[in-house]
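Heads up, the thing below is written out as C-alpha cells.
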Protein chains: 2
Amino acid sequence: MMNTEEQILAAARKVFINKGFDGARMQEIADEAGINKALLHYYFRTKEKLFERIFSESFQLIKPVFNLALGPEPDLHQFIRQFVNAYHALLKQMPFLPQFVLQELNRNPGRMIGLIGKQQIPMNDIKRVIDAEVKKGNISAVSPENLIVNLISLIIFPFVARPVLQEVVFGGDDAAFDNFLNGRSESIIQFFLLALSPEKS
Amino acid sequence: MMNTEEQILAAARKVFINKGFDGARMQEIADEAGINKALLHYYFRTKEKLFERIFSESFQLIKPVFNLALGPEPDLHQFIRQFVNAYHALLKQMPFLPQFVLQELNRNPGRMIGLIGKQQIPMNDIKRVIDAEVKKGNISAVSPENLIVNLISLIIFPFVARPVLQEVVFGGDDAAFDNFLNGRSESIIQFFLLALSPEKS
DNA sequence: AAATGGTTTAACTTTTTGGTTAAACTTTTT
DNA sequence: AAAAAGTTTAACCAAAAAGTTAAACCATTT
C-alpha cells in the first residue's frame with residue numbers, strides 16, 4: 001500500500017504533467033490523492049517545491065542518454081538502432097512527458113540548472129566517432145550536431161505534436177496514429193541509416 | 001499609429017505566446033499595452049475570447065501548407081527543397097509559435113475544430129506522387145505518413161526544444177545555436193534527399 | 001493507560017485574478 | 001454649442017487559489 005507521501009507524488013505527477021505548473025491546482029492534486037489539501041503543504045511546503053520534485057524526476061527520465069557504446073571500436077549503426085528503439089519505447093510508456101518538460105523549460109529555462117550535471121552529451125567523443133566513420137567511408141558526411149538533433153527530433157516530435165498530426169495527417173483516427181507509432185521506431189532507423197549510407201548516385 | 005484594439009492584440013500576442021493561456025494575466029496584457037484593464041473587456045469581453053483570437057491567428061500562421069506543386073508532373077525533390085526553406089524561414093521569424101500552439105493543443109485539442117477547414121493535407125495526392133516516384137526509381141520506398149512527419153519533425157523540433165538542445169548539445173552557447181539554425185535548413189534538405197535517394201549498397 | 005510525537009482535517013486568512021460599473025473624458029453628429 | 005455616441009479610467013466585486021492554524025485523531029513509547 002502507498003503511503004501518503006507517495007500518494008501525493010502520484011497525484012501531483014498526474015496533474016502537473018496534464019496541466020502544467022500554471023494550470024495545476026493544489027486542490028485538484030489533493031482530490032486526486034484523496035487527501036486534505038493541507039497535507040500537500042505539510043509534506044512539501046509549497047506548490048513550487050512540489051512541482052520541482054515532479055519536474056526534476058521527469059527531466060531525468062526523458063533526458064536522452066548517450067553513454068552507450070562509445071568504446072574504442074564503436075558501431076554507429078548499431079548505436080543508432082539501439083538508441084532509437086530504447087528511447088522510442090520509453091516515450092511510448094510516458095507519451096506526455098516530452099510536452100510537459102519542453103513546455104516548462106521554455107517557460108523557465110532556469111529550471112535546468114542543477115539537473116544536467118556532468119551527464120552532458122559527450123559531443124567531442126561523438127564527433128570523433130562520426131569523423132572516423134566518414135573517413136572509413138562507412139557513412140556520408142554530416143555534422144554531429146545535426147545528426148544528434150535529427151535523431152532526437154524524429155523520435156520525440158510525434159509525441160509532442162500528436163493532436164495536430166493525428167488530425168491533419170491521419171484524419172483524426174486515434175487507432176491509426178497508435179498504429180503509426182508502433183511502426184515508427186523501425187521507420188526512423190531505416191530512414192536514418194539510408195540518409196547515412198555512403199556512395200550515392 | 002496603432003489604435004487601441006491593435007495595441008491590445010499586440011500585447012496579448014506577446015503575453016499569451018510567452019506564458020500560455022494559464023500563465024497569462026489580463027493585468028499584464030493591459031500593462032504591456034499601456035492601457036486600463038477594463039478596456040480588454042470592453043474590446044474582447046473575456047480572457048477566453050481574446051485568447052481564441054490570438055490562438056486562431058497563430059495556428060493559421062504555422063499550419064504547414066502543402067498545396068504547392070502537386071500538378072500532373074510534380075518534382076518531389078524540388079517540392080521538399082522549397083517546403084523546407086519556406087517553412088524554416090517562417091519559423092525563424094516566429095520561433096516561439098510552435099511551442100505555444102502545441103502546448104495549447106495538447107492542453108485542449110478541441111481548439112482545433114473549425115480552424116483546419118478543408119485545408120487538410122491531401123494525403124491521397126501525396127501518396128500518389130510518392131508511389132509514382134518510387135515506381136520510377138527516383139526515390140526509395142517510404143510511407144507517405146512517415147515522410148511527412150519526418151519532414152515536419154526535422155523542421156519544427158529544434159524551435160520547440162531550443163532550451164534543452166542549446167544546453168546539452170551546444171554547451172549553452174546562444175550564438176552557437178543561432179549559427180546552427182542558420183545552416184539547419186540546408187542540412188535538413190541534404191539529409192532528407194540522401195535518405196530518399198534510391199539504389200543503396 | 002497516560003503521555004508523546006507524528007498525521008490529518010475543517011475552517012480560516014490572504015492574495016490574486018477575471019470581470020463589472022459608474023463616472024469622466026473625447027469625438028462625432030446635429 | 002448642445003447632444004449623443006463612443007472610449008477610457010479608477011474603484012469595486014466576487015470567485016478562485018495558495019497557504020495557515022488549531023484542534024482532532026492515531027500510533028507508538030513508557
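Heavy-atom basis, side chains included; hydrogens, waters and symmetry copies ignored. Reminder, nothing fancy here: chain letters follow the sequence lines and each chain counts from 1.
- Taking only side-chain nitrogens and oxygens, A:Thr46 never comes nearer than 4.0 Å to OP1 or OP2 of D:dA18.
- Remark on DNA chain D: of its neighbouring residues A:Ala38 and A:Met26, the 5'-side contact belongs to A:Met26, judged by nearest-heavy-atom nucleotide.
- Counted by atom type alone, B:Asp31 and B:Gln27 present one or more donor-acceptor pairs between their side chains at under 3.5 Å.
- Taking atom NZ of residue B:Lys49 and atom C1' of nucleotide C:dG19, one finds them 12 Å apart after rounding to whole Å.
- In this structure, the side chains of A:Glu5 and A:Phe44 come closer than 4.5 Å at one or more pairs of heavy atoms.
- Pairing of C:dT30, defined by two Watson-Crick or G-U wobble distances under 3.5 Å, is identified with D:dA1.
- Residue B:Leu39 contributes atom CG, which lies 5 Å from atom C1' of D:dT8 at whole-angstrom precision.
- Looking at A:Arg53 and A:Glu6, no side-chain N of the basic residue comes within less than 4.0 Å of a carboxylate O on the acidic one, giving no salt bridge.
- Nucleotide D:dT20 holds its C1' atom 9 Å from the CZ atom of A:Arg45, rounded to whole Å.
- Residue A:Arg25 contributes atom CZ, which lies 17 Å from atom P of D:dA15 at whole-angstrom precision.
- When heavy atoms are screened at a 4.0 angstrom cut-off, B:Ala30 is found touching no nucleic acid atom at all.
- Taking atom CG of B:Leu40 as the reference point, atom P of D:dT9 lies 11 Å away to the nearest angstrom.
- As a whole-Å value, the separation of A:Lys37 NZ from D:dG19 C1' is 6 Å.
- Classified by interplanar angle (parallel below 30°, tilted 30° to 60°, perpendicular above 60°), the ring pair A:Phe180/A:Phe170 is tilted.
- Here the closest heavy-atom approach between residue B:Gly20 and residue B:Gln103 is recorded as CA-OE1, 4.0 Å.
- Contact annotation for A:Tyr43: backbone-only contact, meaning every heavy-atom pair under 4.0 Å involves sugar-phosphate atoms and none involves a base.
- Distance from the side chain of B:His41 is smallest for C:dT20 among the nucleotides C:dG6, D:dG19, C:dT20.
- Counting atom types as modelled, A:Lys47 pairs no side-chain N or O with a base atom of D:dG19 as donor and acceptor under 3.5 Å.
- The phosphate of C:dT7 (OP1 or OP2) has no side-chain N or O of A:Thr4 nearer than 4.0 angstrom.
- Between A:Asp31 atom CG and C:dA10 atom P the separation is 12 Å, expressed in whole Å.
- Rounding to whole angstrom units, CD of residue B:Glu5 and P of D:dT8 are separated by 11 Å.
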